[in-house]
S.K.: 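Structure below; questions to follow.
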Amino acid sequence: MRTVLNILNFVLGGFATTLSWLLATLVSIICIVTLPLTRSCWEITKLSLVPYGNEPIHVDELNPDSKNVLLNTGGTLLNVLWVIFFGWWLCVMHIVVGIAQCVTLIGIPVGIANFKIAGIALWPVGRRVVSVETARAAREANARRRFG
């Protein structure tokens, strides 16, 4: 089912959002100031191409033992740069594509996936795209660690 939904996403506009993320990745590579954003761009490019079966998760949830205040502060500053340079137009693009997909009955599930990615497009630094199973296992392990 995931494969069918991923193909449907690609046909109904996912190619445009993926190309936009690739463009943002290339621009972040070319501009020296935005080079630290490249990893986040690439992670969300993968999510935009194949949204079903993958899920974004914060690095702190994946590996809670390696939390670092300095890295979190740097990530916040990078996210502010991100919103200024790339985030707002990528967010708008996902919203527009999501609305266009929701016009058709068959496109509603992929439109909802684009709305979720639109939220991530505003603040992606520090997120990694992993399989749904990996994300679920990381969250369960964190819950067991916190609540015994």
S.K.: Same cluster for Trp21 and Trp89 if Ile/Leu/Val/Met/Phe/Trp/Tyr side chains link at under 4.5 Å?
M.R.: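 Cluster IDs for Trp21 and Trp89 match.
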
S.K.: With a 3.5 Å distance limit and no angle check, can you tell me whether Trp123 reaches the backbone of Gly119 through a side-chain donor-acceptor pair?
M.R.: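 Absent.
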
S.K.: Looking only at non-hydrogen atoms, find the nearest pair between Cys91 and Ala118 and report the distance.
M.R.: SG-O, 3.4 Å

S.K.: Would you check if the side chain of Trp82 reaches a backbone N or O of Ala121 as a donor-acceptor pair within less than 3.5 Å?
M.R.: yes

S.K.: So, do Ile44 and Ile120 sit near enough that their side-chain heavy atoms are less than 4.5 Å apart?
M.R.: yes

S.K.: Scan Thr18, Thr17, Val129 and name whichever one has a side-chain contact (heavy atoms from CB on, under 4.5 Å) with Leu49.
M.R.: Thr18

S.K.: Locate the shortest heavy-atom distance separating Leu122 from Gly87; write the atom from each residue and the value.
M.R.: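 Scanning both residues completely, I find the closest heavy atoms to be CD2-O, 3.8 Å.
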
S.K.: Is there a donor-acceptor contact under 3.5 Å from the side chain of Asn79 to the main chain of Val125?
M.R.: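 Flag set: sc Asn79 to bb Val125 pair under 3.5 Å.
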
S.K.: How would you list, by chain and number, every residue that makes a side chain to side chain donor-acceptor pair (under 3.5 Å) with Glu140, sequence neighbours excluded?
M.R.: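 For Glu140 there are no side chain to side chain donor-acceptor pair (under 3.5 Å) partners, ignoring immediate neighbours.
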
S.K.: Side chain to side chain donor-acceptor pair (under 3.5 Å) with Thr38: which residues, sequence neighbours excluded?
M.R.: Ser28

S.K.: Which atom pair, heavy atoms only, marks the closest approach of Ala24 to Leu90?
M.R.: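 Scanning both residues, the minimum pair turns out to be CB-CD1, 4.0 Å.
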
S.K.: Can you tell me how far apart OG (Ser40) and CG (Leu78) are? Round to the nearest 0.5 Å.
M.R.: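 If we round to the nearest 0.5 Å, Ser40:OG and Leu78:CG are 7.5 Å apart.
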
S.K.: How long is the gap from CG on Leu8 to CD1 on Ile106, to the nearest 0.5 Å?
M.R.: 5.0 Å

S.K.: Using only atom types and a distance under 3.5 Å, with no angle test, would you say the side chain of Thr45 pairs donor to acceptor with the backbone of Cys41?
M.R.: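 Here the side-chain-to-backbone pair exists.
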
S.K.: Step by step, work out the side chain to side chain contact (heavy atoms under 4.5 Å, CB included) result for Phe10 and Val50.
M.R.: CA-CA 8 Å; Phe10 188 78; Val50 188; over 6 Å; no

S.K.: Take atom CH2 of Trp88 as the centre, draw a 6.0 Å sphere, and report whether it contains more than 12 heavy atoms from other residues, nucleotides or ligands.
M.R.: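 At most 12 heavy atoms, drawn from other residues, nucleotides or ligands, come within 6.0 Å of this atom.
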
S.K.: For Asn114, which residues count as a side chain to side chain donor-acceptor pair (under 3.5 Å) partner, sequence neighbours excluded?
M.R.: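 His94, Gln101.
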
S.K.: Under 4.5 Å between any side-chain heavy atoms of Phe86 and Leu81, yes or no?
M.R.: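 Phe86 vs Leu81: side chains apart.
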
S.K.: Side-chain donor-acceptor pairs under 3.5 Å in residues 141-148, sequence neighbours left out?
M.R.:
residue: Asn142; atom: OD1; partner: Arg145; partner atom: NH1; Å: 2.8
residue: Asn142; atom: ND2; partner: Glu61; partner atom: O; Å: 2.8
residue: Asn142; atom: ND2; partner: Ala138; partner atom: O; Å: 3.3

S.K.: Are Val132 and Val59 linked, directly or through other ILVMFWY residues, by side chains that come within less than 4.5 angstrom of each other?
M.R.: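 Per the 4.5 Å side-chain linkage, Val132 and Val59 are not co-clustered.
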
S.K.: Got a sec, which residues hit side chain to side chain contact (heavy atoms under 4.5 Å, CB included) with Tyr52, two or more places apart in sequence or on another chain?
M.R.: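 Once residues adjacent in sequence are excluded, the partners of Tyr52 under the side chain to side chain contact (heavy atoms under 4.5 Å, CB included) criterion are Arg2, Leu5, Asn6, Pro109, Val110, Ala113.
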
S.K.: What distance do Phe15 atom CZ and Ser20 atom OG have between them, rounded to the nearest 0.5 Å?
M.R.: 10.0 Å

S.K.: According to salt bridge (charged side-chain N to carboxylate O under 4.0 Å, His left out), does anything in residues 90-114 pair up with another residue at least two apart or in another chain? List the pairs.
M.R.: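 Listed by first then second residue: nothing to list.
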
S.K.: I need the full list of salt bridge (charged side-chain N to carboxylate O under 4.0 Å, His left out) pairs touching residues 110-130, with sequence neighbours left out, sorted by first then second residue.
M.R.: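 Passing the test, one end in residues 110-130: no pairs.
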
S.K.: Any chain of hydrophobic side-chain contacts (each under 4.5 Å) joining Leu105 to Ile112?
M.R.: yes

S.K.: Can you list the residues that meet the side chain to side chain contact (heavy atoms under 4.5 Å, CB included) rule with Leu19, with sequence neighbours excluded?
M.R.: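 Result, side chain to side chain contact (heavy atoms under 4.5 Å, CB included) vs Leu19: Leu22.
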
S.K.: Excluding sequence neighbours, so at least two apart, what forms side chain to side chain contact (heavy atoms under 4.5 Å, CB included) with Ile7?
M.R.: Thr3, Val11

S.K.: Residues in side chain to side chain contact (heavy atoms under 4.5 Å, CB included) with Val92, at least two apart?
M.R.: Val96

S.K.: Run the side chain to side chain donor-acceptor pair (under 3.5 Å) test against Thr134 and tell me which residues pass, sequence neighbours left out.
M.R.: Ser131

S.K.: Rounded to the nearest 0.5 Å, what separates atom CG in Leu37 from atom CH2 in Trp42?
M.R.: 16.0 Å

S.K.: Name all residues meeting the salt bridge (charged side-chain N to carboxylate O under 4.0 Å, His left out) criterion together with Glu43; count only those two or more places apart in sequence or in a different chain, and write none if there are none.
M.R.: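 Partners of Glu43 by the salt bridge (charged side-chain N to carboxylate O under 4.0 Å, His left out) criterion, ordered by chain and then number, come out as Arg39, Lys46.
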
